[in-house]
Amino acid sequence: VALDEAHRPGSAALAARYDQQGNVLLEMGLRGDDAALARAAKRFQQALALRRGLFGRGSDAVAQSANNLGAVRDAQGRGAAAARLYAASLAIRRAVLPPGDARLGYGLMNTGATWLEAGRADRAEALLQEAYELRWAVHEGNAAHPDVRNAAGWLVDCLLVRARAGENRGAREAKAKRICAEVGFDFDARVAIAARYPYTPGGTA
């Protein structure tokens, strides 16, 4: 980073270096170094600012930096902020990637899962539904594929959170049971997992 700042200021190479160091700092933060998370956020913010200037707000490079900054905010416990960054990244990728592109699954999962964790299952459900359908299609109905199972788990949990709140309970529980049967989940175990998530319908997050 220091060498690129000195010799290639304002360059795409410097933005990439900020991103690389940010990812290392994020890993350190996830292992318990809180100070590293703040440093990671700064590097991702620097990468994001540079890429906006170099490539424009609607570029895939900007989407990547927004996604990375979202990961830091999530690690810092700032779920709503993370979800907004993930959503911004996803919106760009919807615009620049073809429909059905497998890479959209990551943005859908990140955004939906973070909204669920932030207590906004109402915002999460459509995103997680789309992620599940996308991954089911990409992996040709292979219910054993880890990406399919991961998407299924988040969607089932979201459905059960909303059912618990009395939002069309019968239909959502039935749908959750059907998905559990499709991928081989224990329904009662998923109920216990879903009970961990808070829910504030229509909150201000």
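Scanning both residues, L48 and A66, for their nearest heavy atoms gives CD1-N, 4.1 Å. Looking at every heavy atom in both residues, A124 comes nearest to C158 through CB-SG, 4.0 Å.
If you check the side chains of Q46 and R17, you find no donor sitting under 3.5 Å from an acceptor. Checking Q64 against N68 by side-chain atom types alone, a donor-acceptor pair falls below 3.5 Å. Looking at K175 and Q129, their side chains do bring a donor and an acceptor atom within 3.5 Å of each other.
Under a cutoff of 6.0 Å and an axis angle of 45°, R51 and F44 do not form a cation-pi pair.
A single hydrophobic cluster is seen to contain both W154 and I179, as judged by linkage of ILVMFWY side chains at heavy-atom distances under 4.5 Å, directly or through other members. Under a hydrophobic clustering in which Ile, Leu, Val, Met, Phe, Trp and Tyr are joined whenever their side-chain heavy atoms come within less than 4.5 Å, directly or via other members, F55 and I92 fall into different clusters. In the hydrophobic clustering of ILVMFWY residues, with side-chain heavy atoms under 4.5 Å counting as a link, L155 and L108 come out apart. Residue W115 is not grouped with residue V161 when hydrophobic side chains (ILVMFWY) are merged at heavy-atom distances under 4.5 angstrom, including chains of intermediate members. Hydrophobic cluster membership is shared by Y197 and L128, with clusters built from Ile, Leu, Val, Met, Phe, Trp and Tyr side chains linked at under 4.5 angstrom.
Using a 4.0 Å cut-off between a side-chain N of Lys or Arg and a carboxylate O of Asp or Glu, R162 and D122 do not qualify as a salt bridge. We find that D19 and R43 are not joined by a salt bridge, their nearest charged nitrogen and carboxylate oxygen being 4.0 Å or further apart.
Screening residues 117-146 for ring pair (Phe, Tyr, Trp, His ring centres under 6.0 Å), with sequence neighbours left out, gives Y132-W136, H139-H145.
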Walk me through it: do E130 and R94 pass the test salt bridge (Lys or Arg N to Asp or Glu O under 4.0 Å)?
CA-CA 12 Å; E130 187 179 353; R94 283 192 193 279; 2.8 Å; yes

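Interatomic distance, L26 CG to R31 CZ, rounded to the nearest 0.5 Å: 10.5 Å.
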